[in-house]
Amino acid sequence: MASIVEKFVKLKTSIGGNREKTRYEDTFGMPKEEQAHITRPNKANNRIISELEFAIHVSEEAQGRYMGVLEQALDFLLEKIDAQGVLTNQDCDAAEEILAPMAEEAKSYKLILAAHAHIDMNWMWSFNETVAITLATFRSILNIMDQYPEFTYSQSQGAVYKIVEEYDPELMEEVRKRIAEGRWEVTATAWVETDKNMPTGESLLRHIQYTKEYMEQVWGVDRMEVDFSPDTFGHSANVPEIDRFGEVKYYYHCRGNGGKEILYRYKAPSGKEVLTYREPNWYNGAITPHMAAGFPEISRRCMGLRTGLVVYGVGDHGGGPTRRDVERALEMMEWPIYPQIKFGTFHEFFHEAESVWEKLPVVDHELNYFAPGCYTTQSRIKRGNRRLEASLLDAEAMSAMAGKLTGFGFAKEKMEKAWRDVLFTHFHDILTGSCVQDSREHAMGLFQTSMATANTQIQNAMASIGRNIDTSSIKVDVDSYYSQSEGAGAGYGIENFVGVPSTERGGGHTRIFHIFNTLTWERSQAAELTVWDWTGDLRRIRVTDQAGKEIQCQLLDEEMQQYWDHKYIRVLVDVTVPALGYTTVVLSEKEAEKYPAYLQEREHVAKMFDDYELENERLAVRIASSSGRIVSLVDKETGAELVGCDRGAGFTYIETETATSSAWNIGRYIREFPVDRCLRTERVADGPLRGSVKVTWQVANSKIETIYSLDKYQSAVRMEVKADWHESGSEIIPVLDYRIPLSYEPEDYQYDIPAGVIRRSALHNDVPGLQYGLARRQENACAILISDSKYGYRAEGQKLALTLINSSTSPDPYPERGIHNITLWLGACGADAKEAEQMAVSCNHAPFYQPSNAHHGTLPMESSFLKAAADHTVISAVLPGEDGSVLVRAYETSGEKEAVSLRFAADVAKAKAVNLFGKEQDAEVTVSGNQVTFAVEPYALAEVEIRFA
């Protein structure tokens, strides 16, 4: 006897125009039947087949309770089709009558139809096309709303609303009306549908903050609780913590979770959770009669929740729902043996889903990895993003300090615009590099204007402080008749998104410099100063600190260098700069003690091509003269050797398989070649504060030039890399990485992620890290690899690597050809998470300086505005608040509750714990004079608002 399923298949395939699926099929776009001009079954036939398909699954969920009526209906229809060759409308109606006992059970299921348009930001096109897509899509939606009063629509991304505001104000007013009616749902809690692995925790918080504030202030929206991330390529473990800190409760995504969960509680290491729905079908879909068929299975995997979510609308290039979708939905609402169907919203679905919260599975790990090539591809975009994130945070910290010390005004609107432009580039096809050249060029333009804002803010804040520092005790010798240094160095040292303008403001042989530290801990290091049009004797340079004590210095240039119509020299000075503060140094000319005599001493013996040694009080580094690679790196405190083989640490040229390579993926490795064809080596600095060696290699058709430098106090050797890259993909895809063979077997590998750290096992693929990868072990020093602009680390086979260039051919055929500037640090670090984070942050946030002159003022020549004390909590941002307040944000890294102490330069009137929007939180905060202490929960974010007396 034939089973119910066999009977259903026989019936379905007996009706012309039907096709059996053999696997999951996406529903977006034109159906295959239409493309092949196959006449579809009529409405009645389609209706009964779809009802039967749903009814079979409903009966299965009800332990076969309705098998009798199902079999009766199928037998009736099979008899009719055998006798007539077709099913009439009357036959279908009669079958529905047979199935009537199932109607109540069928209607116990409900489908909420949430229409949306997935609008990719500049994915395969330029920004002007994105604008056109957005405006056209919104107009289509409004037209459909005019025709169908039941229809509702949902739209994410603050950036698309900004586009409408700027380019079509009339359209904006129409959308605002629909929002006010409740028919247009705003699912924008991020400026764009952002990547979740490469933006910092601060960036992800700014997505929430600036988007919610913009939507509330400009569009009048006051309820935004859904993090709508359908196409994002992976999800950091701290997403729930970040979202909840920004009052976001619900999470919708498609990629990243390889498990079976659909509706679940996504839990951060802090314990914070968001109610999460992983799309079991696809977010770009259509309304079809088959959408209910798998619903009972989805319901079972959602812990019995009988309210389902159908997300539909043409996407990627915009478009959204079509009239066909709406008409089909209206028709299916009348079907008796089918779920309840209604147009609705994501918020509505999640509110109903809360009813099964306690039953839901908990997922407490990162939702990765998808598209590992995206941690590297389009490396210019990666560099722009990293440098801008750092610069904007530096600008905020400098502004907070200058605001309190001098009354400096924070350019809030300009800074928020700069942030939003950087946030735009976080779209999951821009920052990821899975885009075309037009996308990259637009991103680079946004980075340039944002950097101009950040640099101006930093420079003006430093100048405001500098003007108020009392330097009148310093004797200067400016002769205005001969001085030409004022204004020299305009625009110097800020290429490749590094540095801030430090235009000369002094003259004569005595120069004054204020050196600034934007971090909340004291820093001792060799600071590099540029001195313009100095006419003194280079042999007699000396530097003194703010107390007049001579400090160690090192001249980097043996003779004056040319920059446009000015001359300069570079000098290293040994300074200790207070936490989030500044110090002052004075460069002058010593009196001559004796007149020198010079003898020729260089040509007496042949040059030896020994290995190069770089050493300071913390590290001993050996660079092979034959290969230019680091063959030894010893932590002097413990004596531990970190490099594990004779070939040493260095670049590797990799040939990867074309078929498995793209912007999204690093392909299968075919062959690997150590980059050791060393064309030239030379020592370029050798002094008490810095030793440097410059090495040039040939690799394939490209050249790589690296300056290795080891400064006093540093626990890592810095590598300033300039790669003139001429490789492109064809039969193979060329990839370049930097790797260190380890001398030990790590316990695991640690990386910084947004607002925290994570430990991972070795993996034969790239994984994301914001600034560093650390090969952990407890008993000795660990190897750490830090970058100023790269994200894709690979740890396997007792080695730690960082992918630098992926010469993919799709979608951009030439994403990486050109000159790349990359800075890496390879060093020794403890296993402590905060130590690694602080080391990486120090590398990515260099001190700044401003030339000054002698004048009266109210500020001392050295001061600290804010010093933080914590064992394992990281201060992630210090920024100006409203009405002269200062905000300090932090996150905990070790899983232990901690009291963090903040010591300010002025007494504090009051302080309170707040969330992202300044709402007071129930957390411990105490004030005593100039000190504030606040509690940070394990692995959690915390923020305090400070108001001064």
Does any N or O in the side chain of [X] come within less than 3.5 Å of the main-chain N or O of [Y], such that one atom is a donor and the other an acceptor?
X    : Y    : answer
Y708 : G628 : yes
D635 : A828 : no
T510 : V476 : no
D557 : M560 : no
Q552 : V573 : no
T471 : N853 : yes
S787 : Q771 : no
Q562 : W564 : yes
H566 : G487 : no

Polar side chain donor-acceptor pair, D907 to N930, under 3.5 angstrom:
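Side chains of D907 and N930: no pair found under 3.5 Å.
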
Between the side chains of E898 and T873, is a donor N or O closer than 3.5 angstrom to an acceptor N or O?
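Yes, T873 and E898 have a side-chain donor paired with an acceptor closer than 3.5 Å.
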
Please report the interatomic distance [atom1]([X]) to [atom2]([Y]), rounded to the nearest 0.5 Å.
X    : Y    : atom1 : atom2 : answer
Q448 : L388 : CD    : CG    : 10.0 Å
E835 : T893 : CD    : OG1   : 11.0 Å
M398 : N460 : CE    : CG    : 10.5 Å
W825 : M719 : CH2   : CE    : 9.5 Å
L405 : N468 : CG    : CG    : 8.5 Å
D574 : Y713 : CG    : OH    : 3.5 Å

Test item: [X] and [Y] side chains (from C-beta on) under 4.5 Å apart, heavy atoms:
X    : Y    : value
T406 : S464 : yes
Y582 : I469 : yes
L785 : Y772 : no
V888 : L902 : yes
I786 : L824 : no
I458 : F848 : yes
V575 : I551 : yes
C553 : E550 : no

Are [X] and [Y] ion-paired here, with the side-chain N under 4.0 Å from a carboxylate O?
X    : Y    : value
D832 : K834 : no
R511 : E504 : yes
D788 : R383 : yes
K636 : E615 : yes

Where do [X] and [Y] come nearest, in terms of heavy atoms and distance?
X    : Y    : value
Q714 : S524 : NE2-O, 4.3 Å
A890 : I875 : CB-CD1, 3.8 Å
L642 : C782 : CD1-O, 4.0 Å

Evaluate the criterion side chain to side chain contact (heavy atoms under 4.5 Å, CB included) for residue pair S588 and R542; output intermediate values, then yes/no.
CA-CA 6 Å; S588 60; R542 75 166 182 171; 3.3 Å; yes

For residues 388-402, the side chain to side chain donor-acceptor pair (under 3.5 Å) pairs (sequence neighbours left out) are S203-E389, R206-E396, N385-E389, D394-T518, D394-H845, E396-W419, S399-Q457

Mind checking side-chain hydrogen bond (donor to acceptor under 3.5 Å, both in side chains) for T696 and listing every partner two or more places apart, or none if nothing turns up?
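Applying side-chain hydrogen bond (donor to acceptor under 3.5 Å, both in side chains) to T696 gives none.
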
My understanding is that only residues two or more places apart in sequence, or in another chain, count here; which of them pass side-chain hydrogen bond (donor to acceptor under 3.5 Å, both in side chains) with S715?
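R618.
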
Take T706 and E720, measure what side-chain hydrogen bond (donor to acceptor under 3.5 Å, both in side chains) needs, and give me the verdict at the end.
CA-CA 5 Å; T706 296; E720 297 171 82; over 6 Å; no

Would Y849 and F516 count as a close aromatic pair, with their ring centres under 6.0 Å?
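Centroid distance Y849-F516: not below 6.0 Å, so no.
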
May I ask you to check whether W532 and Y492 place their ring centers less than 6.0 Å from one another?
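Centroid separation for W532 and Y492: below 6.0 Å.
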
Report the C-alpha distance between L879 and V886 in whole Å, list the side-chain angles of each, state the deciding distance to 0.1 Å, and finish with yes or no for side chain to side chain contact (heavy atoms under 4.5 Å, CB included).
CA-CA 6 Å; L879 63 156; V886 169; over 6 Å; no

Could you give me the CA-CA distance, side-chain angles and deciding distance for Q561 and I569, then say whether side chain to side chain contact (heavy atoms under 4.5 Å, CB included) is met?
CA-CA 6 Å; Q561 306 296 307; I569 52 170; 5.9 Å; no

Residue from E837, E943, E202 passing side chain to side chain donor-acceptor pair (under 3.5 Å) with Y891:
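It is E837; the other options fail the test.
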
Pairs under 3.5 angstrom only: tabulate donor-acceptor contacts from the side chains of residues 856-871 to other protein residues two or more places apart or in another chain.
| residue | atom | partner | partner atom | Å |
| --- | --- | --- | --- | --- |
| H856 | ND1 | S472 | OG | 3.3 |
| E862 | OE1 | T583 | OG1 | 2.5 |
| S864 | OG | A579 | O | 2.6 |

With a 6.0 Å cut-off (strictly less than), is the heavy-atom count around CD of Q600, excluding the residue itself, greater than 12?
yes

Please lay out, stage by stage, how W534 and Y568 fare under the test ring-ring contact (aromatic ring centres under 6.0 Å, His included).
CA-CA 7 Å; W534 195 70; Y568 70 89; over 10 Å; no

Quick one: side-chain contact (heavy atoms from CB on, under 4.5 Å) partners of S842, sequence neighbours excluded?
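Per chain and number, S842 pairs via side-chain contact (heavy atoms from CB on, under 4.5 Å) with L519, W521, R523.
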
Check the pair N517, E522 against side chain to side chain contact (heavy atoms under 4.5 Å, CB included), reporting the backbone distance first and the verdict last.
CA-CA 8 Å; N517 172 21; E522 182 180 272; 5.7 Å; no

Applying side-chain hydrogen bond (donor to acceptor under 3.5 Å, both in side chains), run through N844 and R387 and close with a yes or a no.
CA-CA 8 Å; N844 277 275; R387 302 320 317 148; 3.0 Å; yes

Kindly indicate, with the supporting measurements, whether the criterion salt bridge (Lys or Arg N to Asp or Glu O under 4.0 Å) is fulfilled by D533 and K567.
CA-CA 5 Å; D533 297 319; K567 301 283 188 177; over 6 Å; no

Identify each donor-acceptor pair in which a side-chain atom of residues 681-690 lies under 3.5 Å from a protein atom, sequence neighbours left out, and give them as a table.
| residue | atom | partner | partner atom | Å |
| --- | --- | --- | --- | --- |
| T681 | OG1 | Y612 | OH | 2.9 |
| R683 | NH2 | E613 | O | 3.3 |
| R690 | NE | D711 | OD1 | 2.7 |
| R690 | NH1 | E528 | OE1 | 3.2 |
| R690 | NH2 | D711 | OD2 | 3.1 |

